Amino acid sequence: MLTCTKSRYRPPDSFKYCARVIHYELGNVLFHAHCLRHTHGMILAEGGVNPKTVMKRLGHKDIKTTLQTYTFNTETMQQKAVDVFEQSLQA
């Protein structure tokens, strides 16, 4: 569901139109609406959001889908692991 600044519902077709503009008129042939879904999931995962929360936000029925798709080992995630471990040693 998309909302504007006044929290009114925006139908998915309005977003699909924007995605088509990016894809066709701006010439980014690799972009499609689903790209933002993956971006959303990765931002949450990199931010340390619990995978079950990510699962619910993305509408997955099975945690396996979320874990297989959004648990890449990015540099941000690696650094966060180092930071958490170092902080635990200082405590």
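A quick note: this is a predicted structure, and the numbers were derived from the prediction, not measured. The figures that follow rest on heavy atoms only: side chains count, while hydrogens, waters and symmetry mates do not.
To the nearest 0.5 Å, atom CG of residue L58 and atom NE2 of residue H40 are 5.5 Å apart. Atom-to-atom distance recorded for I63:CD1 and N50:CG is 7.5 Å, nearest 0.5 angstrom. Between K56 atom NZ and K61 atom NZ the span is 12.5 Å, to the nearest 0.5 Å. For the atom pair CE of M55 and OG1 of T65, the computed distance is 9.5 Å after rounding to the nearest 0.5 Å. The structure places CZ of R57 at 5.5 Å from CG of L44, a figure rounded to the nearest 0.5 Å. Atom NZ of K64 sits about 12.0 Å away from atom OG1 of T69, to the nearest 0.5 Å.
D83 and Q87 share no donor-acceptor pair across their side chains, judged by distance under 3.5 Å alone.
Around CZ of R37, the count of heavy atoms belonging to other residues, nucleotides or ligands within 6.0 Å exceeds 12. Under a cut-off of 6.0 angstrom, the local environment of CD in Q78 is crowded, with over 12 non-hydrogen atoms contributed by other residues, nucleotides or ligands.
Of all non-hydrogen atoms in E46 and M77, the two that sit nearest each other are N-CE, 3.6 Å.
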